[in-house]
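Some notes on the structure that comes next.
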Amino acid sequence: MTANDTRTPTAPDDEISLLELAGIIWGGKYLVLAAMLFAGLLGALQVLRTTPLYQASGLIQLENDSSALSLPQGMQDLIGNQGQSRVGNDTQIEILRSRMVIGAAVRRLDLQIYASPERLPVLGPLPARLRLPDPGIAALAPYQWGAEQITVAALRVPPEWLGRDIPLTISGPGRYEIALPDGSRESGVAGTELSLPDKDFALMVTQLEGAVGRRFHIGRRRFETAVAITQARFTVEPVGRFSSVLRTRYIDSDPNRAERILDAIAQAYVEQNIQRSAASAENSIDFIRKQLPQAQKAVSQAEDALNAYQQQNQSIDITYQTKALLERVTGLETQLSALALKEEELKNRYTVNHPEYQALLQDRTALESQLSRIRKSASALPETQKEIFNLQRDLQVAQQIYVQLLSREQELRVIRASTVGSVRIIDDAYAWGSPVSPRKKRIMGIALFLGLVVGAGIVFLRRALRRGIRGAQEIEQMGLPVFATIPYAPDAANLRTRKGLLPILALSRPDDVAVEALRSLRTSLHFGMLDADTSTILLTSAAPAAGKSFTAINLAIVAAQSGQKVCLVDADLRRGYLRRFLGRAKETPGLSEYLGKEKSLDEVLLDGPIDDLSVILTGRYPPNPSELLMRAEFQELLDELDRRYDLVIIDAAPALAVTDPVVIGRYTGARIVVARHMETMPPEIEAVRHAFESAGTRLTGAILNGYKQTADAKYGNRYQYYNYRYSYKSGK
């Protein structure tokens, strides 16, 4: 490699390495852990501030209607095949969740009433759950601290106060004060009803515990709101896919209250099912009750008509033929009456087109046809017999209908009384001792995962925003050879901001891995400058704090240790501070005095800390450093130093800050830019190279300084990591 050798920029590798991504995350592991810890604390806070919820569960079985199983066969025929019907699970589930069932439970337990202690903002029930002691601060007196209890047995409010909170404050042992929505305040005693008839308000508090000043919020919800809340906390589902058993669940902050509410819902469901099963019999009983007075009246009228006719005609008896016709007609009339009753029942269940209804109509048509033929036969009887026949027929038919109605009413009463419904409660509600919410493991798992994601996101965002050079490969992709990658040395950190004498790493810690890298740099420069015109090297950077002065002084030391005669020149006439490595005063004459012709070369040449090393400091800072460096004396100085020394190292100012390095670069054999790992931006290196090229020179190469062996470097830039993961020390 020659001093003026350049490389063609290579296309960047766009492939995403999973190992590199993992390395980036591992490199920011402390930040990720901090984010996870913070998220875990938030998750724990959420768990502690969330009111525990308990779940009560029960079992309900759906079965065929068994109301007719204990009845005689005749009565089973009366109710038909309705007991064999079975309603699907989905329908029963919707009935269970309906306002009819839930509303009945709400009314039974009066769930419109609510009462809860006032809780601290944000923290909620956290102090009570952690059993924190009451601090005794007046401003915190109204809030819950764990020993508060209230039970409201009854509460009546006017309609306009429904859904509005009524603050209740403990004013003494067993005493309280409430602030009504109309602005008035009332006092009451636990165990005694507080009644305000003029406001249609009544309150009965049966239990009240807590310190004086504790505040509760009580009120009465609207019925629709209470039903909606209960429905939201109630769930029901089949136990199996084809199972007729339903599992019911209810969630509440009080396990005992959850059991009571779930039992009330199940009981309301069973009751409505029984009422629905008995509804058909009840409708038939109502119909028969309306028909009985008319039937009784018809019997009385028929008896009166027959008796009157017999008295008028001196008790005429009917003949055998007439009696036979009468019995047949009476039987047919009775059957038609029974069909009429059955038709009334079928109308409640089926349409006219139903097969059972059609069969009834066909039977009625056949009976009417037979009755019509018998009546024709009766028309041939003598007039007296015919009249007796008609009166006897009317009486017997009326009696048969009346007796049939009485019998049917008794049968339907038995059916209604024996109705047990098509559902039964298998397991009463039971709430387990452990809460089902909050789900601590799930919340903590989600919180930690989100913390991991957020932490990793911050690491990637920081990496994306801080687009400093991550490795030598990025510099080489710009077409600049990298002579060395110098690892980060903690002893050499923040040199510019330190006070007093600065350490020279090559002397204080010669076995440090950074010093080994400088020795590698010395070797690379030795072979890289074989064809150079002069043995002068310019070290510059894009911006301050890149470590060029550290590199210059330590490179000079290791070069002198190898037997070369080295001269180190501090050409940063604005902020040069190599004097602090040597313990020299600020007024020590140097380059500015030589260029100003105030001092000779021998007068500004100083002995270095080791043999074969000479140093020229900046001297006092001149007002016109660029003009001084452009003088012919500077080129003459470099020529003279090149004749006297094997290697001349020039520490120049940052190239993007001032033009001094570009001026000096015209007289040197190699121009090297020092870039700091993760701080110097790639565009800055490009700008430095463009500045030298605009002046007719080129950068010879670069040095990557302060390289930290982060995890992403281990995985993403392996060849660099491998070069500096070992140290070779002398045995003792």
Side-chain angles (χ1 to χ4, degrees), residues 468 486 489 491-505 536-557 567-596 598-599 604-606 608-609 615-631 633-634 637-638 648-665 667-668 671-677 679-681 684-685 687-688 691-692 695 699 702-703 705-706:
I486 303 174
D491 292 346
N494 303 319
L495 294 177
R496 186 179 290 273
T497 59
R498 293 189 189 181
K499 302 296 184 181
L501 181 66
L502 300 180
I504 300 175
L505 191 65
T536 55
I537 300 174
L538 170 68
L539 293 181
T540 186
S541 62
K548 59 179 180 55
S549 297
F550 161 80
T551 304
I553 185 66
N554 285 279
L555 176 61
I557 293 293
C567 182
L568 176 61
V569 180
D570 190 350
D572 187 354
L573 300 181
R574 303 170 191 266
R575 297 180 60 185
Y577 66 101
L578 282 179
R579 60 179 178 80
R580 296 183 57 196
F581 288 96
L582 305 175
R584 297 286 182 166
K586 189 175 183 180
E587 297 79 12
T588 304
L591 182 60
S592 61
E593 284 80 5
Y594 172 79
L595 296 179
E598 298 177 12
K599 298 289 183 179
V604 298
L605 272 173
L606 304 176
V615 180
I616 299 178
L617 301 179
T618 59
R620 66 175 182 272
Y621 296 146
N624 55 344
S626 297
E627 288 74 7
L628 288 178
L629 294 174
M630 295 179 65
R631 290 182 178 181
E633 287 81 358
F634 183 72
L637 171 64
L638 294 183
V648 179
I649 301 175
I650 303 173
D651 180 13
L656 296 185
V658 294
T659 188
D660 300 0
V662 177
V663 174
I664 299 172
Y667 314 125
T668 59
R671 293 151 297 278
I672 299 175
V673 59
V674 178
R676 192 165 190 86
H677 180 235
E679 292 187 11
T680 304
M681 306 294 179
E684 293 178 341
I685 302 297
V688 172
F692 276 89
L699 286 176
I703 297 173
N705 184 38

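Any value given below was found using the heavy atoms of this structure, including those in side chains, with hydrogens, waters and symmetry copies removed.
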- CA sep, side-chain torsions, deciding dist, call: F692, T540, side chain to side chain contact (heavy atoms under 4.5 Å, CB included): CA-CA 11 Å; F692 276 89; T540 186; 4.2 Å; yes
What is the distance from atom [atom1] of [X] to atom [atom2] of [Y], rounded to the nearest 0.5 Å?
X	Y	atom1	atom2	result
L617	L605	CG	CG	10.5 Å
I703	L539	CD1	CG	5.5 Å
L502	L582	CG	CG	10.0 Å
I649	I553	CD1	CD1	8.5 Å
L595	E627	CG	CD	12.0 Å
E679	E684	CD	CD	10.0 Å

- Task: In sequence, state the C-alpha distance, the side-chain angles, and the governing distance for V569 and T536, and then conclude on side chain to side chain contact (heavy atoms under 4.5 Å, CB included).
- Result: CA-CA 10 Å; V569 180; T536 55; over 6 Å; no
Using a 3.5 Å distance criterion without hydrogens, assess whether the side chain of [X] forms a donor-acceptor pair with backbone atoms of [Y].
X	Y	value
N705	V674	no
E593	R620	yes
R671	T668	yes
Y621	S592	no
D660	A653	no

- Message: Less than 4.5 Å apart, side chain to side chain, heavy atoms only: is that true for V663 and S626?
- Response: no
For residues [X] and [Y], report the shortest heavy-atom separation together with the two atoms involved.
X	Y	answer
I664	A652	CD1-CB, 4.1 Å
I504	P609	CD1-CG, 4.0 Å
R579	A585	CD-O, 3.9 Å
F634	Y667	CD2-CD1, 3.6 Å
V673	A542	CG2-N, 4.3 Å
G590	I616	C-CG2, 4.3 Å

- Test side chain to side chain contact (heavy atoms under 4.5 Å, CB included) applied to L591 and L637, step by step: CA-CA 10 Å; L591 182 60; L637 171 64; 3.4 Å; yes
- Set of residues satisfying side chain to side chain donor-acceptor pair (under 3.5 Å) with respect to S549, sequence neighbours excluded: D651
- How would you list, by chain and number, every residue that makes a side chain to side chain donor-acceptor pair (under 3.5 Å) with R584, sequence neighbours excluded? none
- Item | Residues, nucleotides or ligands: over 12 heavy atoms within 6.0 Å of R631 CZ | yes
